Amino acid sequence: LPARSRWAGLRAERQAETLRALLLAPAPRPAIYVGKLLGIVALLSRPSRAGAARSAAVPGAALRAPVLAGGGLVLGTVGFAAVGTLFAAMLVRARSRDVLLPVLLYPITVPVIIAGVRATAALLEPELEVAIVRFWMALLLTFDVVFVTLALWTFEPLMTD
Amino acid sequence: MPKWFTPAAIVCGLMFAMSPFVIANAPYESTMGLVQKIFYYHMPSAWMFLISAIVCGVQSARYLFGGNPRHDRSAWAAAELTVLFGLLALITGPLWARKAWGVWWQWDVRLTSSLMGWMISVAYLLLRKYGGPGSDKLAAGLALFGMANVPFIYISVNYWRTIHPQTTVVPTLPFSMGFPLSFTVSTFLLCFILLLKMRIRLEEQRARIDALYLSMDE
């Protein structure tokens, strides 16, 4: 969903030539990436919050650590959006982009999805084990740092041509 | 081709021919018996899979920031070898797992991360084939993400409860098992270098032919 929504946005930008205008702006390319990343994170935060609220409403699955849950939500969203934003921007000029986007995105984001799901599952357990939640969240944070760093590093050469 | 290529290819062929005999002479592992001997092909395949992913990532980074097509050609060659050796590791692993663990596949962290790493390299090749103009740079960006996955695959067995043996097993092997392993690792490494060299050479020849066609058209 984030990839598709980001992709739809970027396709519209490409058709209207606004992406070119954005790239011609006298701003560092990583700043453009950060702007787009924040945009998609903001877009995703609302359905994420709604999903978390619905999960907490399931009988016997009360959310016992809302701060940790909120942290996990942010980390998972950033990790997923970081890769989705870069790849959607990368593929905007590629042939067969509609087919290639999920093919590229799926294997890279699977670790983020797994870590997010396991952290959420641990949070919903009747006996809350904070150590397990922290472990998966530390992993999420590691992936976020790696993905955002790589995306910031490669955005400029990838969007130069 | 360089002068060393043919003698090295002959040595590699001989080493591959000898490897079944070297493995047959290794002692049986006490709990797994004969099936443990798959390990002598599985582990070198897995190591070459990780090494080729690193080579692909490093060469892609050099291409992305330097723009030299030679680096792109070697990254492409390494990506193909990542798929090849990854496939070998993913075939020999389940053959061993079926006997040792009782299941063909387990969704544990080492196996899942290896499969994801392999899928990234397949995605790289798909992008190169179907991405159209400019796919070389896009694939280079993807290869960097593939390389970032390598340390995770390697250390995963030490941090998660998994049925896959840990990385600490290899240094503790007795000489009778360590020697056949070193022999097969050397064989696979030589094979990897030769295939990489050959594949880069093929791409160089293609680039020369393309340049010739372009000059004729002009």
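A note on names: the letters A, B, ... follow the listed sequences, proteins ahead of strands, and every chain is numbered from 1. Because the structure is a prediction, the values reported are computed rather than measured.
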| message | I need the residue from A/Leu104, A/Val146, A/Thr154 with the largest number of non-hydrogen atom pairs under 4.5 Å to chain B. | response | A/Leu104
| field | Structural part of B/Phe145 lying under 4.5 Å from a heavy atom of chain A | value | both
| Among B/Leu138, B/Val122, B/Leu144, which has the most heavy-atom pairs under 4.5 Å with chain A? | B/Leu138
| Ignoring hydrogens and geometry, is there a side-chain-to-backbone donor-acceptor pair from B/Trp118 to B/Val83 under 3.5 Å? | yes
| request: Can you measure from CG (B/Leu81) to OG (B/Ser121) and round to the nearest 0.5 angstrom? | output: 10.5 Å
| said: Counting only non-hydrogen atoms closer than 4.5 Å, does B/Thr112 touch chain A with its backbone (N, CA, C, O), its side chain (CB onward), both, or neither? | reply: side chain
| task | Classify the side-chain pair B/Arg128/B/Tyr124 by whether it contains a donor and acceptor separated by less than 3.5 Å. | result | yes
| Between B/Glu203 and B/Arg199, is there a salt bridge with N-O shorter than 4.0 Å? | yes
| request: Check each atom of B/Ala140 against the heavy atoms of chain A and say whether the ones under 4.5 Å are side chain, backbone, both or neither. | output: neither
| So which of B/Phe49, B/Trp47, B/Phe16 actually passes side chain to side chain contact (heavy atoms under 4.5 Å, CB included) with B/Phe188? | B/Phe16
| task | Side chain from CB out, backbone as N, CA, C, O: work out which of these in A/Phe155 comes under 4.5 Å of a heavy atom of chain B, or both, or neither. | result | neither
| Residues B/Ser19 and B/Tyr41: side-chain donor-acceptor under 3.5 angstrom | yes
| task | Under 4.5 Å heavy-atom distance to chain B, tell me which part of A/Val103 shows up: side chain, backbone, both or neither. | result | both
| Side chain, backbone, both or neither: which part of A/Leu100 has an atom under 4.5 Å from a heavy atom of chain B? | side chain
